[in-house]
Undergrad: 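One structure, pasted below without further comment.
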Amino acid sequence: MKLLKEIASKNAAVGREEELCEFLAAELSEYERIEDIHGSLIVHKRGEGEPVMVAVAMDTPAVFVTHIEENGFLRFCAAGIDAKKLSGARVKMANGAAGIIACEKGKESITDMFIDMGGSGRGLSTSDFGTPDIPLAETEGFISGFEAGSRACLRAVLGAALAKTGRDVYFVFAAKSATKRQSPAFLEKLPKISELISIDVSAASDIPGEKNTIVKAGGGVCLRAMDKSIIADREIMNKLDALPVKAQREVSDRTAIAAPLHTAYGGVPAVSAALPARYCGELCEMVCVEDIKELERLITLYLQ
Amino acid sequence: MEIQMLEKLCRSNGVSGNEGQVRTLINNSITNRKTHTDVMGNLLVEGDSRVMLAAHMDEVGLIISRIEDNGFLRFKAVGGIDTGVLIGKKVFIGENKIAGIIGIKAIHLQKKDEAAPEEKELYIDIGADSGEEAKALAALGDYASFEPIFEDLGDGLILSKALDDRAGCAITLSLIKKHNVCCAFTAQEEVGCRGARAAAEFFRPKAAIVVEATICRDVYPAQPKDSPTRLGAGPVITFMDGTSIPNRKLRASLEDAADKHGIAWQYKKTNMGGTDAGAISAAGIPVAIVALPCRFLHSPSTVISMKDYENTLKLLDIWLSEVI
């Protein structure tokens, strides 16, 4: 939980992932780092056999200042999240200052929304970013907060990267994924990857009002037979199925983080393994602690 | 000189996929560099591949999709066009430039609360009385371009079709006469930036600058918060749009060059829209976007400020001279 909270505390706004990137790089400093001009962190953990790849999103949705009114209110655009979901949210800006996101009365459009910094908006400029300020909290075996799902995935991948494993593996902490702009360009520098595991977040539907509960928080890792971008490779899926890990099957309508890597440079066989999260994509997500542990176990066992 | 070339470019027809006329005009203007046309229709100009300049040749327009028995032509938009800007506009169809008017029933016949028309309700009237007569003049798949107007509105404002992105093409043409960088006049940007990725993969430059025209909504009653850019406020630098997150180092170097030389510039104050930068970035090339604000984008009549044009040209000229 301590490491997870530390990950969640680092700035990782889409396109501005440096703070989290350097934190993760420091944690993984014993492994070779491969430079990527687009901001992703790629780390090579040497081992046996043909190289495999594990990819996870590093960035979070964010808001960006577009205009500062004379009276100090900030206008903004949102990247990776529907702005309407942000109404009433507290936001932490790049300079550490807090603000509230609100909307002009009776209006709905993003151009009618603004950030109230309580003062002059001083110290901020156009293109400065902010992220919703909802720190992670743990209650009865669940963790909730802004981007709880993706931060928990990072925690699981980091844990597996630091564990004792045997396979030759590249870990990709992808930048710019919230706007689906992650670049596969670094693949050109690497040897041919034999297998790719995309670590994603799936929408758990075990909440009131949902008619068909397919994915449950606490039901274990979601092994996606198919999503919008990857049809699971049978061989890799069989390997994952055989592992002694709590898992549930899913056919998802989401797009995997590793989608651009799956199809680039001749293609890489892939499977998406996802963490179920309630209120996925909403301002505040909720994930089960046991699922995070199972996800870390899945990746670690797969790499042994 | 600049404005004469800009006018020639704007008066040329080049709806996405049919950029030949524009490409020929540009190619004929390049005398001292090696060029070729690739399979996508891009015009590629060889040079120093540390930097690639990119500007798209194509414009939004229409394509004939059906010929009615009564002689009217149905069409589909090529690129994103609001149907509201089409009604009553003159177009020229096919290689023979057959004139037509985009029609809809007169206001007298419309219901009070009638909604804005859909594309399928509109038609082009070329004066034909029958389908047979129309088929002698136009065919399914013919392109229809907006009427080529080009006018000086005064105060340095130019009204024309296709300033998006013939203005970018004109600026890029001027730059490559002085700077030996490689350059792509791209095809099919308006239908999904299809040419740009091929161009980027051909040159594999260290960096790329996309020279574009971008949205400007600074006319009454828009308030400053609603205006992504303002005419006359200088070249526009994008920090994020719908298809790319420009490289921050590249962007900063452009901003620094502008500040150092006293060139007023502005951010694009929205993350909407997309350019060839998305496709170039997907090819793994760091990219930045420098654009001119352009009112009424994707309509038959667009407006730019020549002051913005000159400052965009000046900024890129300085940047190419000093930074690379």
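We name chains A, B, ... by the order of the sequence lines, and we start the count at 1 in each one. All of these numbers come straight from a predicted model, not from anything done at the bench.
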Undergrad: Listed by residue number, which members of residues 62-79 of chain A have a heavy atom under 4.5 Å from any heavy atom of chain B?
TA: A:F64, A:V65, A:T66, A:H67, A:E69, A:R75, A:C77, A:A78, A:A79
Undergrad: Looking at every heavy atom in both A:I37 and B:N247, which two are closest together, and how far apart are they?
TA: O-ND2, 4.0 Å
Undergrad: For A:T179, is it the side chain, the backbone, both, or neither that has a heavy atom closer than 4.5 Å to a heavy atom of chain B?
TA: side chain
Undergrad: So with a 6.0 Å cut-off around CZ of A:R33, is the heavy-atom count from everything else above 12?
TA: yes
Undergrad: Any chance CG of B:D155 has more than 12 other-residue heavy atoms, nucleotides or ligands included, within less than 6.0 Å?
TA: no
Undergrad: Any idea which of B:S281, B:P246, B:P228, B:A282 has the most non-hydrogen atom pairs under 4.5 angstrom with chain A?
TA: B:S281
Undergrad: Name the region of B:T243, side chain, backbone, both or neither, that has any atom closer than 4.5 Å to a heavy atom of chain A.
TA: both
Undergrad: Got more than 12 heavy atoms from elsewhere within 6.0 Å of NZ, A:K10?
TA: yes
Undergrad: Check A:S127 against B:R251 and note the closest heavy-atom contact, atom names and distance.
TA: OG-NH1, 4.2 Å
Undergrad: Under a 4.5 Å heavy-atom cut-off, does chain A meet the side chain of B:T270, its backbone, both or neither?
TA: backbone
Undergrad: Determine which residues belonging to residues 103-113 of chain A lie within contact range of chain B, meaning some heavy atom pair is under 4.5 Å apart, and list them by number or answer 'none'.
TA: A:E104, A:T111, A:D112
Undergrad: Please classify the contact of B:N271 with chain A as side chain, backbone, both or neither, using a heavy-atom distance under 4.5 Å.
TA: both
Undergrad: State the CZ-CE distance between A:R16 and B:M240, to the nearest 0.5 angstrom.
TA: 6.5 Å
Undergrad: Does CD in B:E119 sit with more than 12 non-hydrogen atoms of other residues, nucleotides or ligands closer than 6.0 Å?
TA: yes
Undergrad: Run the ring pair (Phe, Tyr, Trp, His ring centres under 6.0 Å) test against B:H261 and tell me which residues pass, sequence neighbours left out.
TA: none
Undergrad: What residues of residues 184-200 of chain A sit under 4.5 Å from chain B when you count only heavy atoms?
TA: A:P184, A:A185, A:E188
